[in-house]
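Heads up: the structure comes next, in structure tokens.
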Amino acid sequence: MTLRIDWQPTVRAGTLFASAAVLAACMSVPLTASASTQTTQPAAAPAAPAVPQGPFQLPALPYAYDALSGVIDAQTMELHHQRHHGAQVTGLNTALANAPQLAGLSLEQLLARSSTLPPAIRNNAGGHWNHSVFWTIMAPEGARGEVSPALMAAITRDFGSLDGLRDQFRAASMNRFGSGWSWVVVGADGRLVVGSTPNQDNPLMDDSPLHGTPILGSDVWEHAYYLRYQNRRAAYVDAWWSLVNWGEVSRRYEAAVAGGAS
Ligand SMILES: [Fe+2]
């Protein structure tokens, strides 16, 4: 028996496909089997629908996938970044291609009118913003910086201590039923507030009950931790706190209280 396999690797966000090697093994044929007796070429695969390339792009991680492996394994980081976040960027661009009235709006401008958006744009815009921030407020050991004096003063004022903030943040992460995010935001009165949002919502959305400028946020979807922690969200939440890039969180705080974009 001779058989030719034309393998076209196809990667769609959120979906894993069997490798060519596994496929060949299952069929008990070599990948490059002779085609000397083959008379019929396999039908060409239907062309994939065009995926809009913009206006939004998946940002590169500011560190290697294994840089946080003491807390989050490299496979989780790669799947989370490439597949989950990548799918949200693709989904957002695809949905916006059918919404010309929203052309040219920034991500923050979209979020500020989330109550008017169709679900595909709302959810993917939220996911893109949330994950883009999430990557930057974690850092490898030695690159996490320090809590700035201004931020420490605000934490002491509003939570008593850094441990007080951690305890409230932990409670918000644990009390979020199902999937969502936990946050520290600067509210309209300048005070720090801890809370959480469901799904891919965030505190920049005009219809979010938790509203303000996020300076710190943690992903508590299971895809963020399941490979290592399985159902033990508390273990992930506690370990995640050690990854916080306090230099970046301090920068975001000072930009928020100055009224600037973060
Ligand atoms: Fe996520």
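Atoms within each ligand, like the ligands themselves, are counted from 1 in listed order. By convention here, the first residue in the shown sequence is residue 1. As the structure is a computational prediction, the values presented were derived from the model and not from experiment.
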Is any side-chain heavy atom of Ile215 less than 4.5 Å from a side-chain heavy atom of Leu151? yes

Taking the side chain as everything from C-beta on, heavy atoms only, tell me whether Ser161 gets closer than 4.5 Å to Thr156. no

Ignoring hydrogens and angles, state whether a donor on the side chain of Trp183 or Ser196 is under 3.5 Å from an acceptor on the partner side chain. no

Can we say Asp238 and Arg166 salt-bridge, meaning some charged N sits less than 4.0 Å from an Asp/Glu carboxylate O? no

Checking only N/O/S atoms, does His85 have one that is under 2.8 Å from the Fe ion (ligand 1)? no

Under 2.8 Å from the Fe ion (ligand 1), is there any N, O or S atom belonging to His223? yes

Which is the closest N/O/S atom of Asp219 when seen from the Fe ion (ligand 1)? OD2

